[in-house]
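Step one of this worksheet: look at the structure below.
Since the model is a prediction, treat every value here as computed from it, not as a measurement. Note on naming: letters A, B, ... go to the chains in the order of the sequence lines (proteins, then strands), and numbering restarts at 1 for each one.
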Amino acid sequence: MQKQESIAPGYWLLSLHSPQIASAAAPGQFVMLKIDKSFDPLLPRPMSIHSVIKEDNNRIGFTILYKVMGKGTRLLSEKRSGESLVVIGPLGKGFNLNHISSGCEPIVVGGGIGIAPLLFLAHKLLERGWTPSVLLGANSQQELLRLDEFESSGLIPKVSTEDGSKGVKGMVTDLLGSYLEDRKGVHGEVFACGPSPMLEKVASQAKEYGLNSQLSLEQRMACGLGACLGCVVRIRDKEGSQLSFQRVCTEGPVFNGEDIIW
Amino acid sequence: MQKQESIAPGYWLLSLHSPQIASAAAPGQFVMLKIDKSFDPLLPRPMSIHSVIKEDNNRIGFTILYKVMGKGTRLLSEKRSGESLVVIGPLGKGFNLNHISSGCEPIVVGGGIGIAPLLFLAHKLLERGWTPSVLLGANSQQELLRLDEFESSGLIPKVSTEDGSKGVKGMVTDLLGSYLEDRKGVHGEVFACGPSPMLEKVASQAKEYGLNSQLSLEQRMACGLGACLGCVVRIRDKEGSQLSFQRVCTEGPVFNGEDIIW
Amino acid sequence: MVAESSPILSIELNGLKLKNPIIAASGTFGYGLEYVPLGDLSKLGGMVTKGLCMWEEKGNPPPRICETPAGMLNSIGLENIGIENFITEKLPQLIQYDTAIIVNIWGREIDDYIKAAERLDAVNGIAALEVNISCPNIKKGGLTFGTDPSVTFELVQQVRKRTSLPLMVKLTPNVTDITLIARSAEDAGANALSLINTLLGMEIDVSTRRPSLANITGGLSGPAIRPVALRMVYQTARQVNIPIVGLGGISSLADVIKFLLAGASAVQIGTANFFDPTICWRLVDELEEYLRNENISDVNQLVGAIIEE
Amino acid sequence: MVAESSPILSIELNGLKLKNPIIAASGTFGYGLEYVPLGDLSKLGGMVTKGLCMWEEKGNPPPRICETPAGMLNSIGLENIGIENFITEKLPQLIQYDTAIIVNIWGREIDDYIKAAERLDAVNGIAALEVNISCPNIKKGGLTFGTDPSVTFELVQQVRKRTSLPLMVKLTPNVTDITLIARSAEDAGANALSLINTLLGMEIDVSTRRPSLANITGGLSGPAIRPVALRMVYQTARQVNIPIVGLGGISSLADVIKFLLAGASAVQIGTANFFDPTICWRLVDELEEYLRNENISDVNQLVGAIIEE
Ligand SMILES: Cc1cc2nc3c(=O)[nH]c(=O)nc-3n(C[C@H](O)[C@H](O)[C@H](O)COP(=O)(O)OP(=O)(O)OC[C@H]3O[C@@H](n4cnc5c(N)ncnc54)[C@H](O)[C@@H]3O)c2cc1C
Ligand SMILES: Cc1cc2nc3c(=O)[nH]c(=O)nc-3n(C[C@H](O)[C@H](O)[C@H](O)COP(=O)(O)OP(=O)(O)OC[C@H]3O[C@@H](n4cnc5c(N)ncnc54)[C@H](O)[C@@H]3O)c2cc1C
Ligand SMILES: Cc1cc2nc3c(=O)[nH]c(=O)nc-3n(C[C@H](O)[C@H](O)[C@H](O)COP(=O)(O)O)c2cc1C
Ligand SMILES: Cc1cc2nc3c(=O)[nH]c(=O)nc-3n(C[C@H](O)[C@H](O)[C@H](O)COP(=O)(O)O)c2cc1C
Ligand code: FES
Ligand code: FES
């Protein structure tokens, strides 16, 4: 654990030193982080890789952006630099960029703390030659996080807040709606992370406009390794209609919007 | 929690601000200290009041001298000043000074971390006009704690170490043995705290030389308030022979050496 | 919309009225007087005494307790001052407080329970009896009364005949099907049920290779057992028609509400008194505040209000 | 005096020889392959597969897990790929490792167990079967097989007839007297017993008022249940003559030794794999070091070596 800073009330940015994890990491992947030696809380917590830290062009560590939700994240926020944390990763399948063509327009959509995996994704897209559109939403201006980092990469996120304190007043799905309406027929792919109702909406919006969507899902986890079968979500079988349970930690956390049964 | 310092490897001195506890405290009493909000460790830990902290002659706080034994004390040693701890006290009956006459010679005997309650006792005895003899033993010179504090009060502790690195080589009960042998017939009272085998020996030594002994016992505790009946030790009934169970937290922690069934 | 009037906290346990559903549990609150320095007993819904019997019981040799992950083991061995001493030494002070004093009774054979019930029936100031059926029955070879439905039935029926006080029967969780025992107690005339008592457990000190408790095994309590307790309350609430008092690991307002949602009409706070000695008082305030914030006019609306698909 | 030769770590479970007493527990180690990136399976005494049955089982809907104080609840619903898929897809990779592969089997009726045992009997590379009798028996109205001594007896006896593989019967702790079930399994021909499976528990999410698990109840595991597991191992070891494999909350070397002292010949590590994924490997090293430091030449000397007055 290198350092930890509060970037907004209740939101923390944690920097961890780990060349191994950093060099293997792909956007959308996550780590399992055991917050404390004690048995309370017992289980490690899944956290997306928010960005990689480089030194002389070598990946030496990574950051985690998190929101204080309950016992675990509260305790984590009380840790100070110098303490060591047990972390395993990178885990899961990240966003799939292999099938998207160079002419495709990536649309990156984040709601609330859902922006966590999206900065790394945006960086990767830029590196590979795409310039994604970035749409971010939050409750209020205060909770619109990391805009500077997107901007300093040359991206200009469109933003919305529910209280109207910054950008468009409303939800990020409203932003996405007008965005897609404005460019009907665009050849693009939607990458999204955020609360479940938002993702459900994003999936149906993307579908409506004929776009593929890749959504990063959450589920409570125990092992993160595919062993406990605790983290499943409902996914449509290859055949298309049958229900199957797939593991967020192994088959996910990123799933195709069309395959998810909400 | 005001400050905490390591005074020897594995031994810590913790200063706590609490005018209420400090002003009510008597030597031999203890507090129950909940080390952490979490459920692991679950129960508060009993800790003797080592000394009171005064400011302008008012008691504003107190110190605890402790040894890292297990999970709870290890966690406590990782706490830093500024954090707050839940502490209740003062609890229990301390050393009884009411029945000892001014001509009596108090003999204060501490083994290892057993010196914790004895500094406060020595201060109180001095305040009341006695000059106690102080005998302290430990494994090694390093673990002979707080000699300076006894000395700055004008007392000159006789010391023993098991490895002979300071003072007499041997146990503190060896010191006590020769001390009592030297002053056969002395009108005194022994006050002791330390590991159980040492206390048993002290009790029999005092008895042999016709002195009363007051021993501070330990037992695992849950409530510290006399409610759970978890902390009992075997004590001889008033009648003198019948076994009764008495609570260390309420009837003790200080018991008459003669009454204890080992 | 903000509720103008105070929410109703009082509950009725089939003959036992409590001003609020927060009760201090047996064995964790002494005889009540130990906690007087920490808060006003009159604020609590009720308190249950340490388990009492017809004689002065010395209990088990020490060590009697030990800590476990998020829990503790105890083998106090039901040490108590005896019902007579309780009546003369403790009760006169206790009845000065306006709270329901519930006396927990136990015995080694049914006759011990009968005598206890008869003795306490006439005594002023006792709100109810809690019958602890988690003790070994010496007549049945040490088998716990409360692990056998027919023994439970007989015991409760016998006690029922001896007293007009409300009877709360306290069930042991160390059984295959707690609902069977619950129904036996109901059929035999219990006014209410309280569950759970401790789970039987054990700990060993590796450095000495000895059991950590002199009695070898002991009762596991505290947050560790809460999921088992909640499950048993939920299951039992679906099988009986008398009110249930839930306990086992409750240590926060959220825990209290979980037990109410699962079907308990009131709760008892046990081990939490040890690591958070003012919790009972705080829970009364927090519960009232919660009801106010959630716009719930009566705590009874929470009872059994779990939502299932 | 320092022991010159390495201490003996191997143990014999009445027909099943293990290089050391550390086994990864069913359902917490996947099919083993999930943990290959973390350590060499050949170092472990053994591993138990996720519970397998004759069909592909989807399991329960999510949410399936939730954390509790020092423990967790799961209601996976025994999701598994089925015995055929296991044999063709997993086993060929697994048998490359020099460790005892123990296949955990279950069913909804006795016939399911019989078929599973028959199918696996002939298969190469399987060291033993662990028979999970903690499942609801649909023929007996959902009652768990392992809560009834006579059903346990019949089930084990039937399985016994179908296979010459060593049988380890895994007992449920949700019973009044686990030693009765243990004796039935022994009488029916079990080679060894493993205990305990999870305690039935429940959790409620106060903010939604819904059960935290879609299945409402689930199995409690982890350090929270360790004292109950240790007590059951201790009690059972005194009542049967076949070896016992202890599990339930084991998360450290000290815990391993406690179970051995209480009478277990080997241990399984379950939930600890989740919060300490390399624990199994570390325990093998730590156990060896412990034996060396304590001058114990053979781990079997610890089995049942608890000291009681
Ligand atoms: C793949 C993945 C990546 C994630 N990445 C991030 C991230 O980068 N930043 C971030 O802030 N959060 C992230 N989360 C969510 C994060 O894991 C939870 O917020 C965290 O575990 C809560 O822990 P807690 O102890 O504070 O809360 P708890 O006290 O355990 O729970 C508080 C609330 O959060 C819910 N919750 C707990 N765990 C999860 C979970 N795993 N998924 C969904 N809900 C949960 C609980 O049901 C409860 O309602 C991610 C989750 C997943 C599955
Ligand atoms: C009245 C009283 C006053 C005390 N004053 C002091 C003091 O001033 N300074 C100090 O360092 N220690 C003191 N102790 C002992 C101290 O309470 C224990 O060392 C502490 O609780 C150990 O906690 P732990 O979590 O670190 O160890 P654990 O992991 O809980 O246990 C480590 C070992 O210590 C033993 N132990 C645990 N609790 C107690 C206990 N209450 N009494 C005896 N043995 C125990 C355990 O059995 C185990 O062998 C006092 C004890 C009592 C009863
Ligand atoms: C130290 C201790 C003593 C107890 N004594 C009694 C008792 O005398 N009678 C009784 O019915 N239950 C007794 N219990 C059980 C509690 O009342 C309660 O049922 C159990 O501890 C579970 O609740 P908890 O987890 O909130 O503590 C005792 C529990 C503890 C921890
Ligand atoms: C997620 C999970 C899945 C489990 N699946 C199985 C299973 O398929 N078959 C089985 O016999 N036990 C299963 N168990 C029970 C464990 O093997 C073990 O008996 C129990 O968890 C207690 O041990 P522990 O506290 O070390 O986890 C499962 C436990 C967990 C936590
Ligand atoms: S968290 Fe265990 S399988 Fe996904
Ligand atoms: S610690 Fe509870 S009675 Fe002493």
Pairwise side-chain contact, L302(D) with R209(C), heavy-atom cut-off 4.5 Å (strictly under):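 In short, these two side chains touch, coming nearer than 4.5 Å.
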Option in [options] with maximal non-hydrogen atom pairs under 4.5 Å from chain C:
options	answer
L200(D), T144(D), L230(D)	L200(D)
L73(D), D205(D), I216(D), I257(D)	I216(D)
P211(D), A254(D), S207(D)	P211(D)
G201(D), P227(D), P173(D), G218(D)	P227(D)

Heavy-atom contact with chain D under 4.5 Å, split by part of A229(C):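 Contact with chain D is absent: no heavy atom of A229(C) under 4.5 Å.
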T176(D) and its side-chain hydrogen bond (donor to acceptor under 3.5 Å, both in side chains) partner, picked from T147(C), T176(C), D148(C), N174(C):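 Passing option: T176(C).
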Toward chain C, the part of T208(D) with a non-hydrogen atom under 4.5 Å: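 Contact with chain C is through the backbone of T208(D) alone.
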Interatomic spacing from CZ in R231(D) to CG in L220(C) - rounded to 0.5 Å: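 Reported value, rounded in 0.5 Å steps: 10.0 Å.
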Heavy-atom pairs under 4.5 Å with chain D, option from L199(C), L261(C), I204(C) with the top count: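 Option with the greatest count: I204(C).
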